[in-house]
Amino acid sequence: MRTGLFIGSFDPFTIGHHSVVRRALPLFDKLVIGVGVNERKKYMYSTEVRVKTIAEIYADEPKIEVKAYNDLAVDFAHREGAWFIVKGVRSVKDFEYEREQADINRQIGGIETIFIYSEPKWESVSSTLVRELIHFGRDVKEFLP
């Protein structure tokens with residue numbers, strides 16, 4: 001079984017993330033959406049809420065599982081039997097950061113990274129932007145799946 005791992009904090013899970021999932025799904029028999037937990041980071045939504053929200057979006061898709069993890073992505077990938085990490089890339093800045101992560105993940109864990117570039121209409125959508133809009137009481141429905 002070919003398993004892919006789409007990882008991120010997903011705080012919140014945006015329409016851009018959803019686009020990456022839709023486009024990555026045909027590549028795998030199973031796609032695990034890994035919700036990262038980092039004690040050094042402050043989240044708007046709890047881990048439980050993030051996992052539940054994403055699981056509800058894909059409740060009718062048997063190829064998708066949603067799980068939280070709090071260790072290295074390569075260790076999570078190995079536990080899940082995944083040899084591929086999927087990452088969405090919106091910009092050159094994203095690419096440089098993700099390329100470095102991909103190099104390390106390959107070096108220490110033998111895990112390959114597949115980059116899926118953002119659809120142009122979602123390039124400016126980020127979880128950070130959506131959190132900011134929520135903070136100021138703006139409607140964010142158009143940015144969420």
Side-chain angles (χ1 to χ4, degrees), residues 2-77 79-106 109 111-145:
R2 188 175 18 242
T3 301
L5 184 62
F6 180 42
I7 56 172
S9 58
F10 306 124
D11 186 35
F13 190 83
T14 70
I15 197 74
H17 296 128
H18 181 61
S19 171
V20 171
V21 168
R22 279 188 300 104
R23 293 162 52 219
L25 198 55
L27 303 174
F28 302 102
D29 301 308
K30 178 170 91 170
L31 183 64
V32 177
I33 299 175
V35 178
V37 179
N38 180 342
E39 291 82 28
R40 296 176 304 221
K41 194 171 178 182
K42 187 174 192 267
Y43 297 103
M44 177 174 271
Y45 298 103
S46 70
T47 303
E48 295 76 20
V49 167
R50 290 181 286 146
V51 168
K52 181 178 182 243
T53 301
I54 299 167
E56 287 173 355
I57 293 167
Y58 299 109
D60 294 331
E61 178 48 71
K63 289 173 56 173
I64 293 179
E65 295 179 12
V66 184
K67 299 180 179 182
Y69 73 101
N70 63 357
D71 55 347
L72 291 174
V74 293
D75 295 333
F76 181 49
R79 280 197 311 279
E80 294 300 319
W83 290 101
F84 303 94
I85 291 176
V86 175
K87 295 299 290 191
V89 177
R90 293 173 298 147
S91 66
V92 171
K93 185 173 83 171
D94 281 356
F95 175 78
E96 283 302 320
Y97 174 78
E98 297 299 349
R99 183 192 55 76
E100 290 174 1
Q101 294 297 309
D103 289 346
I104 293 298
N105 289 338
R106 186 181 324 99
I111 304 294
E112 289 294 336
T113 300
I114 297 172
F115 296 118
I116 296 184
Y117 292 93
S118 176
E119 293 178 77
K121 62 185 172 185
W122 307 128
E123 283 178 349
S124 297
V125 177
S126 69
S127 292
T128 303
L129 171 77
V130 173
R131 283 194 309 271
E132 186 79 3
L133 292 171
I134 290 169
H135 174 77
F136 286 103
R138 300 305 287 254
D139 183 4
V140 295
K141 288 182 193 132
E142 68 183 289
F143 304 116
L144 304 175

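We count residues from 1, following the sequence as given.
- Of the inter-residue distances, the one linking Thr113 atom OG1 with Ile111 atom CD1 reads 8.5 Å to the nearest 0.5 angstrom.
- Of all the heavy atoms in Pro145 and Ile15, the pair that sits closest is CD-N, 3.7 Å.
- When the shell of 6.0 Å around CG of Asp60 is examined, it contains 12 or fewer heavy atoms from other residues, nucleotides or ligands.
- Closest non-hydrogen pair, Gly16 versus Trp122, comes out as CA-CB, 4.2 Å.
- For residues 80-89, the set of pairs meeting the side chain to side chain donor-acceptor pair (under 3.5 Å) definition, not counting sequence neighbours, comprises Lys67-Glu80.
- Interatomic distance, CD1 of Ile85 versus CG of Asn105, reported as 4.5 Å (0.5 Å rounding).
- Rounded to the nearest 0.5 Å, atoms CE (Met44) and OG (Ser9) are 12.0 Å apart.
- When all heavy atoms of Ala82 and Leu5 are compared, the pair lying nearest together is CB-CB, 4.1 Å.
- Inter-residue side-chain proximity for Leu31 and Tyr58 is flagged as unmet; no heavy-atom pair is nearer than 4.5 Å.
- Across all their heavy atoms, Gly88 and Val20 have their closest contact at CA-CG2, 3.9 Å.
- The side-chain heavy atoms of Phe84 and Arg2, taken from C-beta on, include a pair separated by under 4.5 Å.
- Using a 4.5 Å heavy-atom cutoff, the side chains of Val66 and Phe10 are not in contact.
- In this pair, Tyr117 and Phe95 present their aromatic rings parallel. The plane angle is below 30°, not in the 30 to 60° band.
- Across all their heavy atoms, Leu25 and Lys63 have their closest contact at O-NZ, 3.1 Å.
- The distance from atom CD1 of Ile57 to atom NE2 of His18, rounded to the nearest 0.5 Å, is 7.0 Å.
- Two residues are said to be in side-chain contact when any heavy atoms from C-beta on lie closer than 4.5 Å; Tyr45 and Thr53 fail this criterion.
- Scanning all heavy atoms of the two residues, the minimum distance from Phe115 to Ala102 falls at CZ-CB, 4.0 Å.
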Donor-acceptor pairs under 3.5 Å, side chain of residues 125-137 to any protein atom, not counting sequence neighbours: which ones?
| unit_1 | atom_1 | unit_2 | atom_2 | d |
| --- | --- | --- | --- | --- |
| Ser126 | OG | Leu129 | N | 3.0 |
| Ser127 | OG | Pro12 | O | 2.6 |
| Thr128 | OG1 | Arg131 | NH2 | 3.3 |
| Arg131 | NH1 | Asp11 | O | 2.6 |

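- Open room surrounds NZ on Lys52; 12 or fewer heavy atoms of other groups in view lie less than 6.0 Å from it.
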**Study point:** Test salt bridge (Lys or Arg N to Asp or Glu O under 4.0 Å) applied to Asp75 and Arg79, step by step
**Key:** CA-CA 6 Å; Asp75 295 333; Arg79 280 197 311 279; 5.9 Å; no
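- Side-chain atoms of Thr47 and Arg50 form a donor-acceptor pair, as typed in the model, at a separation below 3.5 Å.
- Taken from CZ in Phe6 to CZ in Arg23, the straight-line distance is 10.0 Å, to the nearest 0.5 Å.
- The side-chain heavy atoms of Ile7 and Tyr69, taken from C-beta on, include a pair separated by under 4.5 Å.
- Remark: Arg106 CZ is packed, more than 12 non-hydrogen atoms of other residues, nucleotides or ligands lying under 6.0 Å away.
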